[in-house]
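Only one structure is covered here, and it is reproduced in the block below.
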Amino acid sequence: MRGWWQEIAGLVLPGVCEGCGAPGSGLCPGCGEVLAGGGAGEGEGPPGTSPGRVRPSPEPPGLPVVHAAVPYEGAVRALLIAHKERGALGLAGALGGALARAVEAAVGAPEEAAEEAAGAVGAFEGAREGACGGRRAGPLLLVPVPSSRRSVRARGHDPTRRLALAAAGRLRRAGRPARVLPVLRQGRAVADQAGLGARGRRANLAGALEVVPGGARLLAAGRVVLVDDLMTTGATLAEAARALGAVHHPFIPRTPTGIGGDSAQHEFEQRVAAVIASSPASFEINRNSSETWIVAGGER
């Protein structure tokens, strides 16, 4: 309801950019360019930011390989909060576009992490990749991190699911089959994450998420990508990955060339996730920075 009233008010009242406060629509061209990774606002990183892998410190056990579109600062921070907490639903398209970029990076990145987990991968693996048709067939399956029912009622919408839908639409328009698969839910109540540190968040979320009945069958239809708007400590994404892993094993059945019969083998497929934003220090290029970043309005 709140989002509906906000859209009506925007038609009759003077608007401002939700990112910088400049007069105009909910998203000015400058902030849109920052969100798209093609520009930099005041106090923000260099122009031309590309989606990159992000890793919090400390990194929680079980965290999937996460890619973020942009650093969580300045206009990006303001836009995410406006959409999530103030019901600025008109921002969903632009934010969903940023999430789509992160998804593309997540599924197209070199799978060095998978090689580490699977052990040494030699020339035979490369030959098998070419002979057996490459990556898993089927659409990208965007699995949003669930919000609690209480949060959805308070906000008047489910922000992560809305952004996942926008991202899937952007991917399809670019020629990449994708759909949203909301198969995760909260199996028990959790405390408010605000004010909790990394260890407290992990304890708060441990075992809290589960896959809905019948979800395992749906997850087998394509390449699964966990999606969220923001990563702070990584506790939420780690718990979501655990819940998926309880019913869905990310392995691809393959039969290498020259091996007949039923001697099919399995290739490891690394669990991946995509978010719109993460703290600047979490981007791999900044891992050696001594600067400490505090992220507000973080994970549920």
Side-chain angles (χ1 to χ4, degrees), residues 1-7 10 18 25-27 32 35-37 51 64 66-70 76 79-108 138-186 209 211-212 214-215 217-231 236-237 240-241 243-244 248 272-278 297 299-300:
M1 180 66 73
R2 180 175 60 181
W4 181 78
W5 277 108
Q6 181 133 351
E7 289 191 346
E18 297 283 2
S25 64
L27 181 64
L35 189 61
V66 187
H67 281 73
V70 286
V76 172
L79 292 168
L80 280 171
I81 292 176
H83 174 264
K84 188 173 190 174
E85 305 295 350
R86 298 201 299 274
L89 306 185
L91 298 175
L95 291 170
L99 182 57
R101 291 171 53 232
V103 169
E104 288 276 19
V107 298
L140 296 177
L141 304 176
L142 309 190
V143 178
V145 171
S147 298
S148 67
R149 292 180 180 177
R150 179 180 58 191
S151 295
V152 172
R153 286 195 300 268
R155 293 169 176 152
H157 73 126
D158 186 335
T160 307
R161 186 170 181 176
R162 184 183 296 275
L163 295 176
L165 289 167
R170 183 68 64 93
L171 289 165
R172 288 194 299 271
R173 288 192 294 275
R176 186 144 201 179
R179 65 174 183 262
V180 176
L181 209 61
V183 296
L184 287 175
R185 69 181 181 187
Q186 288 195 350
L209 300 182
V211 174
V212 300
R217 177 179 55 83
L218 299 175
L219 290 166
R223 179 74 189 274
V224 174
V225 184
L226 277 166
V227 295
D228 205 352
D229 58 348
L230 172 68
M231 183 180 74
T236 301
L237 287 173
L244 289 181
H248 173 253
V272 297
V275 297
I276 294 171
S278 184
E299 298 166 304
R300 288 161 297 282

Nearest heavy atoms of His83 and Leu95, plus distance in Å: CB-CD1, 3.6 Å
Shortest non-hydrogen contact from Ala277 toward Val76: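 Closest approach of Ala277 to Val76: CB-CG1, 3.9 Å.
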So, [X] side chain and [Y] main chain: donor-acceptor pair closer than 3.5 Å or not?
{"X": "Arg172", "Y": "Ala178", "result": "yes"}
{"X": "Arg170", "Y": "Arg101", "result": "no"}
{"X": "His248", "Y": "Leu218", "result": "no"}

Partner of Asp158 under side chain to side chain contact (heavy atoms under 4.5 Å, CB included), chosen from Pro146, Ser147, Pro182: Ser147
Side chain to side chain contact (heavy atoms under 4.5 Å, CB included) partner of Val143, chosen from Leu219, Val227, Val180: Leu219
[atom2] on [Y] to [atom1] on [X], rounded to 0.5 Å:
{"X": "Met231", "Y": "Thr236", "atom1": "CE", "atom2": "OG1", "result": "10.5 Å"}
{"X": "Arg179", "Y": "Leu142", "atom1": "CZ", "atom2": "CG", "result": "10.0 Å"}
{"X": "Leu230", "Y": "Leu163", "atom1": "CG", "atom2": "CG", "result": "11.5 Å"}
{"X": "Ile276", "Y": "Asp229", "atom1": "CD1", "atom2": "CG", "result": "6.0 Å"}
{"X": "Leu184", "Y": "Leu226", "atom1": "CG", "atom2": "CG", "result": "6.5 Å"}

